[in-house]
Visitor: 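There's a structure below that I have some questions on.
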Amino acid sequence: MNPIHVGLLGTGTVGGGTFAVLARNASEIARRAGRPIVITAVADKNLERAREVVGKMPDVRITDDAMSIVDDPAIDIVVELIGGYGFAKDAVLKAIANGKHVVTANKALLAVHGNEIFAAAQQQGVIVAFEAAVAGGIPIIKAVREGLTANRIEWIAGIINGTTNYILSTMRDSGRPFADVLADAQALGYAEADPTWDIEGVDAAHKITLLSAIAFGTPVQFEQAHIEGISQLAAEDIRYAEELGYRIKLLGITKRVAGGIELRVHPALVPAKRLIANVEGVMNAVLVKGDAVGATLYYGRGAGAEPTGSAVIADLVDVTRLHTADPEHRVPHLAFRADQLENTPIVPMAEVESAYYLRLRVQDKPGVLADVARILADNAISIDAMVQKEPAEGEGEADIILLTHLTREKNSDAAIARIEGLATTVGKVTRLRLESLAS
Ligand code: NDP
Ligand code: HSE
C-alpha cells in the first residue's frame with residue numbers, strides 16, 4: 001500500500017515526541033490506518049535539533065525552510081508544531097491553499113484565527129485536525145465532537161493547563177516557591193514558549209474556546225473569554241481552601257445558560273471530594289455534562305512530548321482514513337456543519353452566577369462582622385459558611401473567610417466595593433469563585 005507522506009514543521013518538544021512515537025509504532029499504526037504514515041520531510045530553524053530528532057533515518061529530508069515543505073507537491077499532510085500565530089499561520093494557510101491537510105497542536109492559532117483557517121479549509125475541501133491542541137494526550141476533541149454527538153452539551157469544566165496544575169500541586173505539596181516550580185515545568189517541556197500564557201490563563205482560554213465552539217456549535221470566540229490566571233493567588237488561600245474542604249484549581253469553564261454561553265478561565269475552589277479536585281501535577285481532566293449521558297470525565301497527560309505526539313498521530317490516522325472521503329461527509333471541523341454554526345452570545349462576566357470564597361482582613365472589634373453581613377444581605381448575597389481566624393498574638397486584625405451561596409458576579413462586585421470602603425476593613429478583599437461541579 002502506498003504510504004501517505006507527511007511534512008513535519010517544528011522538531012521541538014511535540015515534534016520530537018511525534019517523530020519518536022510514529023517511528024516506534026509505525027507498523028501497528030499502519031495496520032490501523034490502512035497504509036503507512038511516513039514523515040518524509042522535517043523543518044526546524046534549529047537544524048541540529050532536527051537532525052537529532054530524525055537520527056539515522058536515511059530517507060527524511062531535513063531543512064530549515066519550512067515553506068519548502070508546505071510547497072512540496074509530494075507532501076500530503078503538513079503537521080504544524082511550531083507554535084504562535086506568525087509564521088505558523090502563514091504556513092497553515094499556505095498548506096491549505098496548496099490543497100494539503102493540516103494537523104496542528106497550535107491552540108493559540110486556532111483560538112484566535114480558527115474561523116479564517118476553518119473557512120479556508122472548508123473551501124479547499126481539506127481537513128484541519130487539532131486533537132493535540134486541547135488537553136495534550138486526552139482525546140477530548142474526538143469525545144466531544146463525535147462520542148457525545150447525541151447530546152445537548154450543558155457545560156464543560158476542565159483542568160486544561162498542565163503547567164499551572166503542576167505549579168499548584170507542587171507548591172501545595174512541597175511548599176516550594178512559584179518561580180522554582182515554573183522553572184521545572186519549563187525544563188520538562190510543559191510550558192508555552194511564553195510561560196505567561198500558562199500562568200495568566202491565556203493557554204487555558206485558547207483551549208476552552210475551542211471546546212466551547214465544538215460543544216455549542218458556534219464560531220471560535222476567544223476575544224470574548226474572561227481570563228484570570230494564578231499569578232495573584234496567595235498561599236494562604238490555598239491553605240484556607242484546604243481547611244474548608246476545597247482544592248484550588250485553574251479551570252476552563254464553558255456553560256450554556258439562558259442568556260447565551262459562559263466562557264471563562266479562572267482559579268476556583270472545587271470540593272476536595274470531587275475526582276477532578278484530585279487531578280495533580282501535569283495531568284489534565286475535563287468534565288463534560290451532556291443532557292443524555294450525564295457527566296463524563298476524561299483524564300490524562302495534558303502536555304509533554306509523547307502524550308501530545310499521541311494526539312497528533314491520532315489525527316494523522318484520521319486524516320489518512322478520511323482524506324479520500326467526500327468533504328461533505330467528513331466530520332465537520334467544529335462538530336456542527338459550517339452552515340449550521342450559530343452566533344450565540346458570550347454572557348458578560350457581570351451576569352455570570354457563581355458561589356464565592358471571600359477573604360477579608362478586618363480590625364478585630366465588635367460590630368465589624370455585622371457590617372459585613374449587612375452589606376452582603378443588601379446585595380442579595382446569602383452566606384453559606386464563615387470562619388474567623390484568630391488574630392496573631394498582639395495583632396488587632398483578623399482574617400474572615402466567607403463562603404457564599406450562588407449570586408450574580410455584579411452583586412459580589414458591588415458588595416466587595418462596599419466592604420473595602422469600611423473603615424474597619426484592611427486592604428483588599430480576596431475573591432475566588434467556587435464551583436461545585438455537581439453532576
Ligand atoms: P517547541 O518550542 O519545543 O518547538 C517548536 C520548534 O519549532 C522549535 O524547535 C523552534 O525552533 C521551531 N521553529 C520556530 N519557528 C520556526 C520556523 N519559522 N521554521 C521552522 N521551525 C521553527 O514547542 P512545542 O513543541 O512545545 O510546541 C509546539 C506547538 O505545540 C505549540 O503550538 C504548542 O502550543 C503546542 N503544544 C505543546 C505542548 C507541549 O507539551 N509542549 C502540548 C500541546 C500543544 P527555535 O526553538 O529555534 O525557535
Ligand atoms: N503549556 C501547555 C500546558 C502545553 O502546560 O498545558 C499543553 O497544551
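Residue numbers run from 1 in the order of the sequence given. Remember, it's 1-based here, ligands and their atoms both numbered in the order they're listed.
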Visitor: Is any side-chain heavy atom of Val144 less than 4.5 Å from a side-chain heavy atom of Val286?
Guide: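 The answer is no, as the side chains (C-beta and beyond) never meet within the 4.5 Å cut-off.
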Visitor: Do Asp413 and Arg431 have side-chain heavy atoms sitting under 4.5 Å apart?
Guide: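 Yes - at least one pair of side-chain heavy atoms lies under 4.5 Å apart.
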Visitor: Going by the atom numbers of ligand 1, which of them fall below 4.0 Å from some non-hydrogen atom of Glu192?
Guide: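 Listed by number with element, the hits are 33 (C), 34 (O).
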Visitor: Among Asp203, Ile156, Ile253, find the residue that satisfies the side-chain contact (heavy atoms from CB on, under 4.5 Å) test when tested with Ile208.
Guide: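 Of all the options given, the one that passes is Ile156.
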Visitor: Under 4.0 Å, counting heavy atoms only: does Glu80 come that close to any atom of ligand 1?
Guide: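 It does not, in that no heavy atom of Glu80 comes within the 4.0 Å cut-off of ligand 1.
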Visitor: What are the atoms of ligand 1, with element, lying closer than 4.0 Å to any heavy atom of Gly189?
Guide: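 The list of qualifying atoms is 39 (C), 40 (O), 41 (N).
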Visitor: Just so I know, are the side chains of Glu351 and Val257 near enough to count as touching, which here means a heavy-atom distance under 4.5 Å?
Guide: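 No, their side chains stay 4.5 Å or more apart.
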Visitor: If we only count N/O pairs under 3.5 Å, is Lys107 in contact with ligand 2?
Guide: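 Yes, there is a polar N/O contact under 3.5 Å.
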Visitor: Heavy atoms only, cut-off 4.0 Å: how does Val282 contact ligand 2, side chain, backbone, both, or neither?
Guide: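 Neither part.
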Visitor: Among protein heavy atoms, which sits nearest to atom 4 (O) of ligand 1, and what does the distance come to when rounded to 0.1 Å?
Guide: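 Going atom by atom, the protein heavy atom closest to atom 4 (O) of ligand 1 ends up being Gly12 CA, 3.3 Å.
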Visitor: How far is atom 6 (O) of ligand 2 from its nearest protein heavy atom, and which residue and atom name does that atom have?
Guide: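 Minimum-distance protein heavy atom for atom 6 (O) of ligand 2 reads Gly162 N, 2.7 Å.
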Visitor: Would you confirm whether Thr296, through its side chain, and Val288, through its main-chain N or O, come within 3.5 Å as a donor-acceptor pair?
Guide: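 Such a contact is found between Thr296 side chain and Val288 backbone.
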Visitor: Can any side-chain N or O of Glu131 pair as donor or acceptor with the backbone N or O of Lys142 at less than 3.5 Å?
Guide: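 Present.
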Visitor: May I ask you to decide whether Glu306 forms a salt bridge with Arg24, counting only side-chain N to carboxylate O separations under 4.0 Å?
Guide: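 Yes, Glu306 and Arg24 are salt-bridged.
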Visitor: Less than 4.5 Å apart, side chain to side chain, heavy atoms only: is that true for Leu358 and Leu403?
Guide: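 Leu358 vs Leu403: side chains apart.
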Visitor: Should you measure from each heavy atom of Ala191, which atoms of ligand 2 turn up under 4.0 Å away?
Guide: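 Every atom of ligand 2 under 4.0 Å from some heavy atom of Ala191: 1 (N).
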Visitor: Suppose I only count heavy atoms of Ala303 and a 4.0 Å limit; which atoms of ligand 1 are within that range?
Guide: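 That gives atoms 40 (O) of ligand 1.
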Visitor: Below 4.0 angstrom from a heavy atom of Lys107, which ligand 1 atoms are there? Numbered from 1 as shown, please.
Guide: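 With Lys107 as reference, the close atoms of ligand 1 come out as 33 (C), 34 (O), 35 (C), 36 (N), 43 (C), 44 (C).
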Visitor: Identify, by atom number and element, the atoms of ligand 2 in contact range of Tyr190, meaning under 4.0 Å from any of its heavy atoms.
Guide: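 In order of numbering, the contacting atoms are 1 (N), 2 (C), 3 (C), 4 (C), 5 (O).
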Visitor: Nearest to atom 5 (O) of ligand 2, what protein heavy atom do you find, and at what distance?
Guide: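 Sorting protein heavy atoms by distance from atom 5 (O) of ligand 2 puts Thr163 OG1, 2.6 Å first.
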Visitor: State the atoms of ligand 2, each with its element, that fall below the 4.0 Å cut-off from a heavy-atom position in Lys207.
Guide: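 So the answer, numbered in order with elements, is 2 (C), 3 (C), 6 (O), 7 (C), 8 (O).
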Visitor: For the pair His323 and His101, name the ring-plane relationship: parallel under 30°, tilted 30 to 60°, perpendicular over 60°.
Guide: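 Answer is perpendicular, since the angle exceeds 60°.
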Visitor: Is any side-chain heavy atom of Asp59 closer than 4.5 Å to one of Thr40?
Guide: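 Of all side-chain heavy-atom pairs linking Asp59 with Thr40, none is under 4.5 Å.
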Visitor: Just let me know how Asp198 lines up against ligand 2, side chain, backbone, both or neither, with a heavy-atom cut-off below 4.0 Å.
Guide: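 Just the side chain.
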Visitor: Do the side-chain N and O atoms of Asn284 and Asn165 include a donor-acceptor pair separated by under 3.5 angstrom?
Guide: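 The answer is no; no qualifying pair exists.
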Visitor: Using distance alone, decide if ligand 1 has a nitrogen or oxygen within less than 3.5 Å of any nitrogen or oxygen in Gly136.
Guide: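 No, since none of the N or O atoms of Gly136 sits under 3.5 Å from an N or O of ligand 1.
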Visitor: At what distance is the nearest protein heavy atom to atom 7 (C) of ligand 2, and which residue and atom is it?
Guide: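 The protein heavy atom lying closest is Gly302 O, 3.2 Å.
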Visitor: If you measure every N or O of Gly302 against every N or O of ligand 1, does any of those distances drop under 3.5 Å?
Guide: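 Checking ligand 1 against Gly302, no N or O pair falls under 3.5 Å apart.
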Visitor: Give a yes/no verdict on a cation-pi contact between Arg49 and Phe19, requiring under 6.0 Å between NZ or CZ and the six-membered ring centre and an angle within 45° of the axis.
Guide: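 No cation-pi geometry.
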Visitor: Is a side-chain donor or acceptor of Asp291 paired with a backbone partner of Asn151 at a separation under 3.5 angstrom?
Guide: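 Side chain of Asp291 to backbone of Asn151: no pair is present.
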Visitor: Say whether Ala193 and ligand 1 are in contact under the criterion: heavy-atom distance to a ligand atom below 4.0 Å.
Guide: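 Contact absent.
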Visitor: Answer with side chain, backbone, both or neither: which part of Ala133 has a heavy atom less than 4.0 angstrom from an atom of ligand 2?
Guide: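 Neither part.
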Visitor: Show your reasoning for whether salt bridge (Lys or Arg N to Asp or Glu O under 4.0 Å) applies to Asp399 and Arg361.
Guide: CA-CA 4 Å; Asp399 276 347; Arg361 176 151 284 213; 2.9 Å; yes
Visitor: Assess Ala132 for proximity to ligand 1: is some non-hydrogen atom of it under 4.0 Å away?
Guide: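 Yes; Ala132 lies near enough to ligand 1 that a heavy-atom distance drops under 4.0 Å.
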Visitor: For atom 18 (N) of ligand 1, find the nearest protein heavy atom and state the residue, atom name and distance (0.1 Å precision).
Guide: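 Residue, atom and distance for the closest contact: Phe87 CD2, 3.4 Å.
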Visitor: Taking 4.0 angstrom as the limit and counting only heavy atoms of Asp203, give me the atoms of ligand 2 inside it, by number and element.
Guide: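 So the atoms of ligand 2 that pass are 2 (C), 3 (C), 6 (O).
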Visitor: When you check the side-chain N and O atoms of Arg247 and Asn278, is any donor under 3.5 Å from an acceptor?
Guide: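 The criterion, which ignores hydrogens and geometry beyond distance, is satisfied for Asn278 and Arg247.
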Visitor: Using a 4.0 Å cutoff against the non-hydrogen atoms of Glu192, which atoms of ligand 2 qualify?
Guide: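 Close to Glu192: 1 (N), 2 (C), 4 (C).
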Visitor: Atom 30 (O) of ligand 1: which protein heavy atom is closest, and how many Å away?
Guide: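 Here the nearest protein heavy atom works out to Ala105 CB, 3.5 Å.
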Visitor: Check this for me - ligand 1, Asp64, N or O atoms closer than 3.5 angstrom, yes or no?
Guide: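 So ligand 1 has no N or O lying under 3.5 Å from an N or O of Asp64.
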Visitor: Any heavy atom of Leu81 closer to ligand 1 than 4.0 angstrom?
Guide: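 Yes, Leu81 has a heavy atom closer than 4.0 Å to ligand 1.
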Visitor: Using a 3.5 Å cut-off on N or O atoms only, is Val14 in polar contact with ligand 1?
Guide: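 There is such a contact, yes.
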Visitor: Using a strict cut-off of 4.0 Å, indicate which atoms of ligand 1 neighbour a heavy atom of Gly83.
Guide: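 Atoms satisfying the 4.0 Å criterion: 31 (C), 32 (O).
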Visitor: Under 3.5 Å, is there a donor-acceptor pair between the Ser354 and Tyr356 side chains?
Guide: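 There is no such pair (donor and acceptor under 3.5 Å, judged by atom type) between the side chains of Ser354 and Tyr356.
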Visitor: Parallel, tilted or perpendicular, judged at 30° and 60°: which one describes the rings of His206 and Trp197?
Guide: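 It falls in the perpendicular class, over 60°.
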Visitor: Considering only the protein, which heavy-atom contact is closest to atom 43 (C) of ligand 1, and what is its distance?
Guide: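 The closest one turns out to be Thr308 CG2, 3.4 Å.
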Visitor: What protein heavy atom sits nearest atom 40 (O) of ligand 1, and how far off is it?
Guide: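 Here the closest protein heavy atom is Gly304 N, 2.7 Å.
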Visitor: Evaluate the side-chain proximity of Pro195 to Thr163: yes if any heavy-atom separation is below 4.5 Å, no if none is.
Guide: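 No, side chains not in contact.
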Visitor: Out of Lys45, Glu48, Arg49, who gets a non-hydrogen atom closest to atom 46 (O) of ligand 1?
Guide: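 When every heavy atom of Lys45, Glu48, Arg49 is considered, Arg49 comes closest to atom 46 (O) of ligand 1.
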Visitor: Under 3.5 Å, is there a donor on one side chain and an acceptor on the other for Asp65 and Thr63?
Guide: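 Looking only at side-chain atoms, Thr63 and Asp65 do not form any donor-acceptor pair under 3.5 Å.
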Visitor: Can you tell me which residue and heavy atom of the protein come closest to atom 14 (C) of ligand 1, and the distance to 0.1 Å?
Guide: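 Protein heavy atom with the smallest distance to atom 14 (C) of ligand 1: Ile82 CG2, 3.6 Å.
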Visitor: Inspect the contact between Arg172 and Glu280 and indicate whether a charged nitrogen and a carboxylate oxygen are less than 4.0 angstrom apart.
Guide: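 Judged by the 4.0 Å cut-off on N to carboxylate O distance, Glu280 and Arg172 do form a salt bridge.
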Visitor: Would Ala303 count as being in polar contact with ligand 2, using the rule that some N or O on each side must be under 3.5 angstrom apart?
Guide: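 No; every N/O pair is 3.5 Å or more apart.
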Visitor: Going by the closest heavy atom to atom 11 (O) of ligand 1, which one wins out of Thr13, Thr163, Asp44?
Guide: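 Closest candidate by heavy-atom distance is Asp44.
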Visitor: Give the atom numbers and elements of ligand 1 that come within less than 4.0 Å of a heavy atom of Asn106.
Guide: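 Listed by number with element: 32 (O).
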